[in-house]
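Read the structure below first, then the notes.
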Amino acid sequence: MGIIKQLPASVINQIAAGEVVERPASVVKELLENAIDAGATRVDLSVERGGKDLVRVADNGKGMSRDDLPMAFTPHATSKLVEADDLFRIRTLGFRGEALAAIAEVSKLRCQTRQVEDDTGSELTIEAGVASPIKDCGGPPGTVIEVRNLFFNTPVRRTFLKSDSTEAGHVAEMFARIALAHPTVHMTYRSSNKVVHDLHPVTGIKERIAIFFGRELADSLLWVESRVETTSLWGYVGHPSQSRSNNKSQFLFVGGRYVRDRSLGHALSEAYRGLLMVGRQPVAFVHLEIPPEEVDVNVHPTKIEVRFRDGHRIYSQLLSTVRQAFLSSDLHSRLQAPHNPLVDEPANEPPPQAAFGLTSPDPDRQAVGSWFTTSKPTGFQSFPSPGYAGGPATSAPAWASNLPEPPTPSRQVAFNEFQDEHEVKATVVANPSLLPSPRAIELPGRGVTLKAIQVHETYLVAETADGMVVIDQHALHERILYEELKARVGQGGVESQRLLVPEPVDLSAPEAAAVLERRDVLARLGLEIEPFGGDTVLVSSTPAMLRGVTPEQLLRDLADHFRSSVLPPTADAVLEDVLNMVACKAAVKANQRLAPEEIASLLDRRHLVSDSHHCPHGRPTALVFTKAELEKQFGRI
Ligand code: ADP
Ligand code: MG
């Protein structure tokens with residue numbers, strides 16, 4: 001006798017339910033999406049115990065007729081598509097006709113619905129997939145669905161649910177995704193009878209971003225917009241200073257549907273390359289409007305993944321649109337004075353955001369764009385304790401005498417407490433990272449005398465007429481070289497170094513094609529190459545600036561760069577690309593000790609470049625601290 005048997009319907013239904021309903025937030029997603037598909041302009045969500053006990057969604061959409069009501073809960077029954085071809089014309093969020101059936105299978109569900117033309121509504125209750133007869137009910141046009149005791153009949157799955165607050169966090173996240181995708185819908189969210197959000201309809205998403213992520217982030221967003229062939233892209237991306245430690249603040253919507261896409265996530269990281277510290281992730285809210293036949297949303301039951309017909313084009317569009325936005329905006333990093341508990345009233349602090357179930361504000365939010373806050377969140381209090389024994393603990397160098405005077409009496413208590421604990425002056429002096437290295441420099445610059453030191457072998461700190469400036473030595477040098485090189489290319493005078501013996505470099509076929517295609521522009525930069533049979537390229541001269549780089553390394557890097565570049569291979573774009581690369585390679589690096597003369601020369605030439613605020617990648621080269629800001633921070637004014 002055979003061992004293969006058809007599964008009973010109830011088991012099939014439960015397996016199917018498992019694909020769609022993982023946790024209360026999945027129910028929230030399906031119900032909210034149905035409401036939006038029903039054309040609702042107002043949707044109210046409420047949950048209890050993170051949705052484990054209740055998820056309720058009420059909408060003012062088109063409702064269902066009495067005949068349709070039981071159909072809505074029948075597996076694979078939908079009003080959203082009729083024939084197979086419709087799968088490639090989908091304009092609704094749902095289409096698989098399985099969500100309601102699946103949810104009804106694993107909960108106690110009640111649905112009340114009324115179409116505007118009907119006098120009475122209809123009510124259906126279903127427990128673990130078993131429906132009761134339909135009854136009349138009152139209520140306004142629209143639909144209310146209540147889902148109670150999720151997984152009550154599948155106890156094992158119920159035990160997989162996390163704590164109420166964790167589940168509430170998932171629910172809040174889901175709500176935010178849908179609210180950001182549909183800003184013109186009035187949406188409210190109540191958790192355990194408390195109103196968490198009441199989002200009035202807005203035309204843009206910025207207001208909603210401000211509500212979910214805070215005003216500071218919303219105000220720093222850059223607008224991006226483009227249209228390439230059939231695809232429109234629009235939305236906001238975060239200023240590089242607003243980075244996060246994970247990619248949870250990257251929102252990508254395709255046709256009003258929140259999706260995750262690794263390749264587009266990668267395009268975003270590429271766009272921010274050089275602008276963010278390693279391990280940091282950009283923030284983005286990007287909408288794509290793409291004809292339904294060019295995207296397959298039927299990849300996964302929850303439709304969180306999609307497949308693009310021309311993924312490569314969309315990758316390029318996202319990358320170049322974001323890059324373009326950076327090029328045309330001022331990314332100058334201003335120092336934002338942090339909240340200083342010794343000076344400011346605590347009431348000045350923004351209220352914590354309740355988004356995503358967090359009870360305290362996102363810790364990352366505190367760190368954004370702020371030099372002080374990232375390293376010393378509460379002013380003095382986070383200097384390391386005085387454990388450093390090797391330094392001159394008692395003999396303060398001259399600059400240390402510029403430490404602020406003790407604060408005025410109103411702040412005396414806090415200061416004293418701190419002083420008792422840490423011995424302020426000794427700590428500051430003993431902290432090796434604050435000691436000048438190699439030594440202070442008098443710089444006879446352009447009519448000004450600058451004092452500067454190098455710290456951490458990476459930054460230059462210089463005194464300016466009205467404050468001080470912290471310079472990223474690599475970023476500044478890169479910028480200077482870029483400007484100088486660009487000027488020289490303009491005058492046709494880039495120095496090149498002719499190789500004694502031209503060097504053949506073996507590349508792959510696409511690599512060879514990529515560099516040879518740009519041969520003329522490369523020659524203007526002092527890199528002369530020619531085909532040498534097969535995929536070998538002969539290098540006869542290299543830019544003098546890049547003496548330390550082997551011709552092979554240079555060609556490979558260029559080829560890599562060109563192949564991943566989204567810019568068309570026009571002369572200007574190639575020139576721009578190569579200038580960036582050459583400047584980056586030739587510039588001094590971080591963690592490189594500079595001789596006093598080198599520091600002097602760098603600071604001196606800083607004034608030669610037109611925009612020394614940014615390195616060619618758009619990263620800031622300098623942070624400016626005005627004297628007024630310093631005095632405010634130290635409570636002098
Ligand atoms: P799908 O959304 O994929 O069609 P669902 O199981 O989520 O499948 O819903 C089944 C059907 O029930 C929908 O096609 C729609 O006709 C109807 N429906 C569900 N929710 C609502 C609602 N809030 N208002 C009106 N009709 C609804
Ligand atoms: Mg649906």
Side-chain angles (χ1 to χ4, degrees), residues 12-14 16-22 25-46 55-84 86-107 109-118 121-126 129 131 134 137 139-147 150 174-175 177-178 181-182 185-188 255-259 292 296-304 306:
I12 294 176
N13 290 347
Q14 281 202 15
E19 288 191 327
V20 183
V21 192
E22 188 196 343
S26 337
V27 175
V28 168
K29 171 180 189 286
E30 298 299 337
L31 298 186
L32 291 179
E33 289 190 344
N34 278 346
I36 303 235
D37 280 346
T41 54
R42 171 153 185 157
V43 183
D44 298 298
L45 162 70
S46 37
V55 174
R56 179 180 194 275
V57 172
D59 70 57
N60 65 355
K62 64 182 183 210
M64 285 173 270
S65 69
R66 183 169 277 234
D67 292 341
D68 272 345
L69 184 53
M71 282 305 285
F73 295 89
T74 308
H76 310 296
T78 178
S79 58
K80 300 173 194 173
L81 65 100
V82 177
E83 52 183 32
D86 292 345
L87 270 176
F88 303 98
R89 294 193 275 266
I90 286 164
R91 293 187 188 276
T92 48
L93 297 169
F95 58 85
R96 298 168 62 111
E98 49 187 19
L100 289 185
I103 295 166
E105 194 66 41
V106 290
S107 66
L109 183 147
R110 182 169 72 157
C111 174
Q112 295 177 315
T113 187
R114 193 190 127 199
Q115 292 184 309
V116 73
E117 60 271 25
D118 295 339
S122 319
E123 177 178 317
L124 176 65
T125 49
I126 306 180
I134 293 183
C137 72
T143 304
V144 183
I145 296 187
E146 286 175 1
V147 176
L150 187 65
M174 199 58 82
F175 176 82
R177 287 178 187 174
I178 293 171
H182 301 280
V185 179
H186 186 167
M187 292 181 63
T188 68
R257 185 194 305 281
Y258 170 89
V259 301
D296 185 0
V297 284
N298 191 23
V299 180
H300 188 264
T302 64
K303 310 176 206 86
I304 196 157
V306 294

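Counting starts at 1 for both ligands and their atoms, following the listed order.
- When each atom of ligand 1 is checked for a heavy atom of R96 under 4.0 Å away, the hits are 3 (O).
- Proximity of K80 to D37: side-chain heavy atoms (C-beta onward) are separated by under 4.5 Å at one or more points.
- Residues R96 and V20 form no side-chain contact, since every pair of their non-hydrogen atoms from C-beta on lies 4.5 Å or further apart.
- Distances from atom 5 (P) of ligand 1 to the heavy atoms of L69, N34, D68 put N34 nearest.
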Report task. Start with the C-alpha gap between M64 and C111, add the side-chain angles, then the distance that decides, and say whether side chain to side chain contact (heavy atoms under 4.5 Å, CB included) holds. Result -> CA-CA 10 Å; M64 285 173 270; C111 174; 4.1 Å; yes

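- For ligand 1, the atoms sitting less than 4.0 Å from at least one non-hydrogen atom of T78 are 1 (P), 4 (O), 14 (O), numbered in the order shown with element in parentheses.
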Query raised in the report: Under the side-chain hydrogen bond (donor to acceptor under 3.5 Å, both in side chains) criterion, do D118 and S65 qualify, and how do the steps go?
Result: CA-CA 8 Å; D118 295 339; S65 69; over 6 Å; no

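- For ligand 1, the polar-atom distance check against E30 finds no nitrogen or oxygen pair separated by under 3.5 Å.
- The distance criterion of under 3.5 Å between nitrogen or oxygen atoms is not met by D37 with respect to ligand 1.
- With respect to atom 15 (C) of ligand 1, the closest heavy atom belonging to the protein is S79 OG, 3.5 Å.
- Counting backbone and side-chain atoms alike, T78 contributes no N/O/S atom closer than 2.8 Å to the Mg ion (ligand 2).
- The side chain of T143, and not its backbone, has at least one atom closer than 4.0 Å to an atom of ligand 1 (non-hydrogen atoms only; side chain from C-beta on).
- When T143, V147, V43, V144 are each tested for a side-chain contact (heavy atoms from CB on, under 4.5 Å) with V57, only one passes: V43.
- If you number the atoms of ligand 1 from 1 as listed, the ones under 4.0 Å from a heavy atom of A72 come out as 6 (O), 10 (C), 12 (O).
- Test L93, L32, T41 against H182 for side-chain contact (heavy atoms from CB on, under 4.5 Å) and you get one pass: L93.
- When the options T74, T78, I126, L31 are evaluated for a side-chain contact (heavy atoms from CB on, under 4.5 Å) with L100, the one that passes is L31.
- Of the candidates E98, H76, M71, K80, it is K80 that places a heavy atom closest to atom 13 (C) of ligand 1.
- For atom 6 (O) of ligand 1, the nearest protein heavy atom (residue, atom name, distance) is L100 N, 2.9 Å.
- Within the 4.0 Å heavy-atom cutoff, M64 counts among the residues contacting ligand 1.
- Counting only heavy atoms of the protein, atom 23 (N) of ligand 1 lies nearest to D59 OD2, 2.9 Å.
- The closest side-chain heavy-atom distance from H76 to E98 is below 4.5 Å.
- One finds the CZ atom of R257 at 10.5 Å from the CD1 atom of I178 (value rounded to the nearest 0.5 Å).
- Checked by distance only, ligand 1 and G97 come closer than 3.5 Å through their nitrogen or oxygen atoms.
- Here CG of D59 is found 9.5 Å from CD1 of I36. Values are rounded to the nearest 0.5 Å.
- Considering backbone and side-chain atoms alike, F95 places an N or O below 3.5 Å from some N or O of ligand 1.
- For ligand 1, the polar-atom distance check finds no N/O of K62 at less than 3.5 Å from any of the ligand's N/O atoms.
- Close approach of ligand 1 to G94 is summarised as follows: ligand atoms under 4.0 Å from at least one heavy atom of the residue are 2 (O), 3 (O).
- Assignment of A77 to the shell around ligand 1 is supported, since a heavy atom sits closer than 4.0 Å.
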**Report entry** Worked check of side chain to side chain contact (heavy atoms under 4.5 Å, CB included) between E30 and I145
**Finding:** CA-CA 11 Å; E30 298 299 337; I145 296 187; over 6 Å; no

